[in-house]
> 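Let me give you the structure first, and then I'll get to my questions.
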Amino acid sequence: MLLEGKKVLVAGVANRSSIAWAVAEAVLREGGQVALTYQNQRLEQRVRDLAQSVDPHLPCYELDASSSEQAAEVADMLAKEWGVLDGLVHSIAFAPKEDLTPGILKTSLDGWNTALHISAYTLLELTRAMMPLLEKSESGSVLTLTYDTGKVYPNYNVMGVAKAALEAAMRYACWDAGRKQVRVNAISAGPIKTLAARGISGFGNMLDEGSRKSPLGRNVTAEEVGNTAAFLLGPASSGITGQVVFVDAGQSIMGVPAAATTA
Ligand SMILES: NC(=O)c1ccc[n+]([C@@H]2O[C@H](COP(=O)([O-])OP(=O)(O)OC[C@H]3O[C@@H](n4cnc5c(N)ncnc54)[C@H](O)[C@@H]3O)[C@@H](O)[C@H]2O)c1
């Protein structure tokens, strides 16, 4: 039980395929308590149904991460519900399709601002709002989700830039939060079929190529990401902060697929 009695807020569940949902399930499996947030009323019922399927009393709050007011409201509600927060999961990203697909040189300033605001700045927004509660924990831990920023993936474009900003923001937040004994880390997940991933054109090719490249010969599952998240959110990882931990079946270490080098 990596998270016995730990209280974790998970932001970014859209449906059962969301990485955030796999993280929530892992937290519960490891003995923790979970509160969920959903982006807007359009997603509310789906997220509430998921929550109900594991615990009829699981708290669910609306949170558009671009709203500091809503973030403050969620912090207030958690203060009343739990009084402390041991873990915060930021599993949120968005870029307008018209800016994601055509190529980085065609990215509009509005599209750039939206992608970096929602996918990177909101980590800071949520961490700032939850800090008073995280500071009260003996093992406060913040976790975000990124994707292999050191390489170019055609069609990922402005989202690749946003993820690079997210990783840098994670490291600076780690410095700010560290003296309060709150850790901040990122998981760089391999490609997983989710709602957000479906917005990337050619995502099917990324999955095929990923499994061909991987030393394990396959892609990762959301459950594997959830398991690593449970470790990073809990006291077992107390010495780890400011890190990007790759959960990608080893894909990121490879240059070309093994098949390309066999005679
Ligand atoms: N699926 C992959 O292959 C993969 C790989 C590496 C990293 N990631 C990252 O994992 C995270 C989760 O994505 P996912 O793949 O589970 O897809 P998903 O679509 O299930 O999750 C994305 C979430 O972002 C939320 N969101 C978007 N804008 C928001 C806003 N303004 N306020 C609050 N929430 C907002 C959506 O509601 C959704 O719940 C993202 O950061 C994504 O970039 C995904």
Side-chain angles (χ1 to χ4, degrees), residues 9-26 36-47 50-51 60-71 73-74 88-97 100 113-123 125-126 129 143-151 153 155-167 169-170 186-200 202-211 214 219-226 228-229 244-249 251-252:
L9 177 66
V10 179
V13 176
N15 57 32
R16 192 174 284 283
S17 312
S18 293
I19 292 174
W21 179 244
V23 174
E25 286 188 306
L36 297 179
T37 69
Y38 52 88
Q39 182 186 351
N40 51 35
Q41 285 170 8
R42 193 173 54 80
L43 294 177
E44 176 174 3
Q45 201 50 53
R46 205 182 300 152
V47 175
L50 273 177
C60 289
Y61 308 115
E62 182 168 335
L63 173 60
D64 182 324
S66 64
S67 160
S68 355
E69 292 79 24
Q70 277 190 7
E73 280 167 26
V74 172
L88 165 64
V89 179
H90 171 275
S91 187
I92 290 173
F94 175 75
K97 180 89 176 155
L100 189 59
N113 286 341
T114 300
L116 270 82
H117 180 184
I118 303 302
S119 313
Y121 182 77
T122 57
L123 171 68
E125 184 83 69
L126 296 195
L143 183 65
T144 189
L145 271 298
T146 184
Y147 184 68
D148 201 13
T149 54
K151 299 196 185 72
Y153 291 90
N155 298 334
Y156 204 50
N157 299 324
V158 69
M159 189 54 82
V161 178
K163 290 302 189 192
L166 175 71
E167 290 182 16
M170 177 277 290
I187 287 178
S188 187
I192 297 169
K193 213 184 279 178
T194 62
L195 198 61
R198 282 209 296 269
I200 302 160
F203 184 75
N205 294 340
M206 280 168 85
L207 279 174
D208 291 347
E209 196 58 20
S211 66
S214 158
N219 286 296
V220 283
T221 63
E223 188 181 349
E224 288 173 312
V225 176
T228 304
V244 177
V245 177
F246 283 80
V247 183
D248 67 347
Q251 288 168 18
S252 54

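Whatever order the structure lists them in is the order used to number ligands and atoms, beginning at 1.
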> Hey, are the side chains of Tyr156 and Lys163 touching, using non-hydrogen atoms and a 4.5 Å cut-off?
yes
> Can you find a pair of side-chain heavy atoms, one from Leu126 and one from Ile92, that are under 4.5 Å apart?
yes
> Going by distance alone, is a donor N or O of one side chain under 3.5 Å from an acceptor N or O of the other, for His117 and Ser66?
no
> List, ordered by chain and residue number, the protein residues whose closest non-hydrogen atom lies under 4.0 Å from any atom of ligand 1.
Gly12, Val13, Ala14, Ser18, Ile19, Gln39, Leu43, Leu63, Asp64, Ala65, Ser91, Ile92, Ala93, Phe94, Ile118, Leu145, Thr146, Tyr147, Lys163, Ala189, Gly190, Pro191, Ile192, Thr194, Leu195, Ala196, Ala197, Phe203
> If you count every heavy atom of other residues, nucleotides or ligands that lies below 6.0 Å from Lys193 atom NZ, does the total exceed 12?
no
> Report the distance from atom CG of Asn219 to atom CD of Gln251, rounding to the nearest 0.5 Å.
5.0 Å
> Without swapping roles, check the side chain of Lys97 against the backbone of Gly199 for a donor-acceptor pair under 3.5 Å.
yes
